[in-house]
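Protein chains get the first letters and strands the later ones, always in sequence-line order, with residue 1 at the start of each. Predicted, not measured: the structure shown is a model, and the values here were computed from it.
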Amino acid sequence: MAWHKIPCSRRELQLLGTLNGGQSFRWEYNKETDVWTGIFSKTVWKLRQDDENLQYQVMGSLLNKASKSGSDMFQNLLENYFRLNYKLSDYYKKWSEKDELFEKACKQFYGIRMLYQEPVENLFSFICSQNNHISRISTMVEKLCKHYGEKICEFDGVTYFSFPDVDKLKQPQIESELRNLGFGYRAKFIQKSAAQIVEWGGRQWFKSLQEMKYKDARLELMKLCGIGPKVADCICLMSLNHLEALPVDTHVYQIAAQNYLPHLKGKKNVTEKMYSEIGDHFRMLYGDMAGWAHTVLFCADLKKFQQNDEQLSEGEKPKKKRKK
DNA sequence: AGCCTACCTGGGTC
DNA sequence: AGACCCAGGTAGG
């Protein structure tokens with residue numbers, strides 16, 4: 001099958017950091033072929049890049065291709081997903097000028113894009129994320145798709161599923177089923193939130209959140225069971241186009257205390273007051289797209305990328321930094 | 001309003 | 001092996 005091409009340099013888009021940086025949990029990288037396989041918009045994609053292009057293949061889709069000429073539609077979906085209309089190097093330049101730490105981080109972590117994701121997948125993925133490891137989050141998201149999504153297609157012996165609709169997840173028996181699948185206490189949050197979302201209007205409700213001011217959308221989201229300040233910010237930032245939203249998790253807290261707000265060092269957990277202090281600090285620093293900027297720092301802080309870095313630069317045993 | 005703590009589970013570490 | 005600890009937090013006290 002032929003690869004379609006979209007002009008886009010590696011400086012503008014780095015697939016590794018963008019797809020494997022904890023924004024979406026549905027992308028897999030094949031080292032041998034240098035190809036990413038993943039799912040969004042009920043479509044299975046293969047992606048790769050050369051120095052000048054992002055390349056893609058559509059492996060299967062449940063979307064109605066008759067509506068537009070097929071290739072155009074898929075290209076639009078992809079450009080939208082990666083927000084290719086934003087010229088990233090301009091923003092990197094701006095953020096670098098404002099912040100030394102960013103300037104340092106962006107040398108290795110160039111081309112980190114904020115994906116424009118679907119709210120339903122985003123919301124339930126991040127309910128799973130609380131107090132959890134990225135590896136287990138990925139497993140849980142795949143379980144949701146396999147058990148409650150639709151089959152999209154099959155190739156190389158693997159079956160690919162779409163992310164389930166809220167109507168599926170709101171069913172009462174879901175809670176006990178998810179408990180049995182190892183979701184722990186998140187099982188209840190998933191079922192209850194799904195029911196609330198349907199009750200409040202589903203798609204239309206998400207649309208209204210997108211049109212609201214960031215702070216209002218955040219408060220609305222926090223009415224859902226299992227969604228607190230941090231996950232609400234993830235959803236605002238990643239699927240509701242509120243790019244000033246800035247999720248403060250353990251990583252971001254560490255970065256902030258270490259580099260900007262030393263009086264916050266050594267706290268056991270992040271209180272709501274600290275939470276907004278940290279968010280506001282980054283917003284003051286980077287401006288109205290602070291959430292995107294902070295994601296670059298977040299990537300730089302992820303352990304898997306640091307280990308990559310050490311292997312590449314040293315080829316020696318990784319020195320582990322110990323905190324006391 | 002602001003600070004505790006229990007909570008499911010499994011991967012990592014010693 | 002087995003006991004910790006910890007992970008992109010949140011609800012309920």
Using Watson-Crick and G-U wobble pairs whose two distances are both under 3.5 Å, how do you write the pairing of DNA chain B as dot-bracket, with | for links to another strand? ..|||||.||||||
Taking the P atom in each of B/dC8 and C/dG13, what is the distance between them to the nearest angstrom? 14 Å
Would the base of C/dG9 count as contacting A/K230 through its side chain, where contact means a donor and an acceptor less than 3.5 Å apart? no
Regarding A/I255, tell me which of base, sugar-phosphate or nothing describes its non-hydrogen contacts under 4.0 Å with the strands shown. nothing
Using a cut-off of 4.0 Å on non-hydrogen atoms, how would the nucleic acid contact of A/V231 be classed: base, sugar-phosphate, or nothing? sugar-phosphate
Using a 4.0 Å heavy-atom cut-off across all strands, classify A/G228 as base, sugar-phosphate, or nothing. sugar-phosphate
So, is A/R179 near the phosphate of B/dC8, with a side-chain N or O under 4.0 Å from OP1 or OP2? yes
Output yes when a side-chain donor or acceptor of A/E12 lies under 3.5 Å from a complementary backbone atom of A/S89, and no otherwise. yes
To the nearest angstrom, the NZ-P distance between A/K188 and B/dC7 comes to 12 Å
Donor-acceptor pair between A/R48 and A/N30 side chains, under 3.5 angstrom: no
Let's test your reading of the model: under 3.5 Å, does the base of C/dG8 pair with the side chain of A/Y253 as donor and acceptor? no
On a whole-Å scale, what distance lies between the P atoms belonging to B/dC3 and C/dG8? 25 Å
Under 4.0 Å: is that the gap between some side-chain N or O of A/T271 and OP1 or OP2 of B/dC3? yes
Is there a donor and acceptor pair, one atom on the side chain of A/R186 and one on the base of B/dC7, closer than 3.5 Å? no
Distance criterion of 3.5 Å, no angle test: do you see the side chain of A/N131 paired donor-to-acceptor with the base of B/dC8? yes
For A/G22, which contact category applies under a 4.0 Å heavy-atom criterion: base, sugar-phosphate, or nothing? base
Closest-nucleotide mapping onto DNA chain C: is A/M238 or A/I227 further toward the 5' terminus? I mean the 5' end. A/M238
Report yes or no: do A/N85 and A/E79 form a side-chain donor-acceptor pair below 3.5 Å? no
Just to confirm, is there a sub-4.0 Å distance from OP1 or OP2 of B/dG11 to any side-chain nitrogen or oxygen of A/H133? no
Just checking, is any N or O donor in the side chain of A/D99 or A/Y260 under 3.5 Å from an acceptor N or O on the other one? yes
A/N241 and A/Y116 side chains, donor-acceptor separation under 3.5 Å: no
From C-beta outward on A/C234, which listed nucleotide comes closest to its side chain: B/dT5, C/dG9, C/dG8? C/dG8
Is it the case that the side chains of A/Y275 and A/D249 hold a donor-acceptor pair, with the cut-off being a distance below 3.5 Å and no angle test? no
Whether A/T295 side chain and A/G291 backbone form a donor-acceptor pair below 3.5 Å: yes
